[in-house]
Amino acid sequence: MARKASLSGYLELLPAERLTELHMLDTLRQVFEVHGFSPLETRAVETVETLLQKGEIDQEIYAISRIHEDEGAGREAKLALRFDNTVPFARYVTENAGHLAFPFRRYQIQKVWRGERPQAGRFREFSQADIDIVGDGALPFRCDVEIAIVMARALEALRIGEFSLRVNNRKLSEGFYRSIGLTDTAAVLRIVDKLEKVGPSQVAEELRRTAGASAEQAQRALELAQIRTGDGSFAEKVRALVGDEPSALLQEGLDELSELMSVLNTRVPGRAMADLSIARGLDYYTGTVIETLLHGHEDLGSICSGGRYESLASKGKRVFPGVGLSIGVTRLLSALLSSGELAASRSVPTVVYVTLRTSEDWGAAQDVADQLRSRGISAEVALSAEKFGKQIKYADRRGIPFVWFTDDLGRHEVKDIRSGTQEETDPSSWAPPTEDLTPQIIRKTEDP
RNA sequence: GUGGGUGUAGCUCAGCUGGUAGAGCAUCGCGUUGUGGUCGCGAGGGUCGCGGGUUCAAGCCCCGUCACUCACCCCA
């Protein structure tokens, strides 16, 4: 990949790359549906008001306008492109609450737009694959667990290599920070979130400078954030750190995270890591928070994140709590394509290239192709009767595995371009090996 | 938005203290005249990002501008 894009941040793929992307999307769709998630799509456009409902503008939003908009047109609602799938989904849920059955589980794979400066793995237009479960009034914690399991399985199905879900719980973090006297928990979370990037000493310094922490408070916050275990043992470490009786909030967070880790370790062993530095910025998350690290691509940042939000959507007195995770499809795809880890075996869907002996054979060649097509075998007919060498080369350059010849007596032969073997055959019954029926998505580097 | 780097053939890049534009790969042709890939020979392909300036002369120097890219910020 790594081709120069005409516009930075707006990825356009070559056919072989797009086939790889489609394979990913098909895989995700299949995993989501087999777990009972319904497909959903929302419009590209939201009112600015909806997008900013959290109050804070921490996303670079693309506003849209009409070229011929009247000068004084202040009456129309200001519109903008969505920057994620969660906020539009929340809006959709409240609008259609009367038609939906709760708890409602859906998947949604769509493009989103952000005006941030593009960088490797950061785009201005990209696809996210979301799953969420939303309840009416209440939603069992069990849903947090299930969402994490489904996503872990989806990532496994993508065969992208080793990855870790890094999980934490905001109740745990907030409860702890409050208990040591740090009240601006949002600021603390934001600073602590940078631990991996800037290191403990700088985090401690920032805690003192911007979150009003004493040296001792900063030290204790750091100690919590540095807890990282692959099993449930994080809980003892937290309790040792707290000393006296944990607060109700902290205890709730401990219980939830313990349950999550325990189930994940049974159902998707080795994929989860309790990491108490994970905070997820200033978002709407209220409990479980998750980020995902792709091994070997740590610099990419998280490839799948999300968590529990208690009140993102509400309608009058009704509140719809939810939990969801989102895969950065474009980020993942571009990284694996440019590293060469994922590739398609050919750039076209074509399985068979039907050659032309003379220009007049075109009709007969289409008949052959149609017989193959009627059985689901993708076939393409040559446009002119060039030398066979050239016709074979045409197929070779596109990665088409088979070339078809028909002689002047109507006898058929099919050649496997890779092995060079050619044999007599019949268009009404010939079929390729199943693995050649569609382009194969090759994972070049095997899992360790 | 702030700061650094880079723009030359389809791709990756060379191009000296200014002197009329180069390589490898790719493409196309021929050898092999209707069964590709190897090999050999040959050919085509460039407003040197764009605009202005200095100079007898600018890919190279100066100014501006655009794009790309990296870091910060933020995040999938």
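Here is the naming used below: chain letters follow the sequence lines, and residue numbers restart at 1 for every chain. Note that this is a predicted model, so its numbers are computed, not measured.
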Look at the aromatic rings of A:Phe104 and A:Phe102 and report parallel, tilted or perpendicular, splitting at 30° and 60°. perpendicular
**Request:** Quick one: sort the A:Tyr62 and A:Tyr10 rings into parallel, tilted or perpendicular, breaks at 30° and 60°.
**Result:** tilted
Handout entry: Ring centers of A:Tyr107, A:Phe32 separated by less than 6.0 Å
Key = yes
Ring centres under 6.0 angstrom apart (A:Phe402, A:Trp430): yes
Residues pairing under ring-ring contact (aromatic ring centres under 6.0 Å, His included) where one sits in residues 337-363 of chain A, two or more places apart or in two chains, turn out to be A:Tyr353-A:Tyr394
Please report the distance separating the [atom1] of [N] from the corresponding atom of [M], rounded so that it comes out in whole Å.
N     : M     : atom1 : result
B:G49 : B:G15 : P     : 15 Å
B:C39 : B:U20 : P     : 35 Å
B:G24 : B:A14 : P     : 16 Å

Side-chain contact check for A:Lys387: nearest option of B:C30, B:G36, B:A71 is B:C30
Out of B:A76, B:C70, B:G36, minimum distance to the side chain of A:Asp396 belongs to B:G36
Of A:Pro118 and A:Lys194, the one whose nearest nucleotide on RNA chain B sits closer to the 5' end is A:Pro118
A:Glu291 CD to B:C74 C1', in whole Å, measures 12 Å
Atom CG of A:Asn85 and atom P of B:A76 are separated, to the nearest Å, by 12 Å
Can you give me the N/O atom pairs linking the protein to nucleotides 4-6 of chain B at distances under 3.5 Å, or say none if there are none?
none

Side chains of residues 321-330 of chain A: which donor-acceptor partners sit under 3.5 Å, not counting sequence neighbours?
from, atom 1, to, atom 2, distance (Å)
A:Ser326, OG, A:Asp130, OD1, 3.0
A:Thr330, OG1, A:Ser127, N, 2.7

Extract from the structure each pairing of a protein N or O with an N or O of nucleotides 64-66 of chain B at less than 3.5 Å, listing the distance.
none

| Test side chain to side chain contact (heavy atoms under 4.5 Å, CB included) applied to A:Val414 and A:Phe405, step by step | CA-CA 6 Å; A:Val414 68; A:Phe405 300 96; over 6 Å; no
_At less than 4.0 Å, is any side-chain N or O atom of A:Gln119 found next to OP1 or OP2 of B:A71? Yes or no._
yes
### Task
Give a yes/no on whether any side-chain N or O of A:Lys415 is located under 4.0 angstrom from OP1 or OP2 of B:G37.
no
A:Gln391 meets the side-chain hydrogen bond (donor to acceptor under 3.5 Å, both in side chains) criterion, sequence neighbours left out, with none
Query raised in the report: Do the numbers put A:Arg105 on top of the ring of A:Phe37, so that NZ or CZ is under 6.0 Å from the six-membered ring centre and no more than 45° off the axis?
Result: yes
### Query
Is the aromatic ring centre of A:Phe123 closer than 5.5 Å to the centre of the six-membered base ring of B:A76, with the two planes inclined by less than 30°?
no
Secondary structure of RNA chain B per the Watson-Crick/G-U criterion (both distances under 3.5 Å; [ ] crossing, | other strand, . unpaired) is (((((((..((((.....[..)))).(((((.......))))).....(((((..]....))))))))))))....
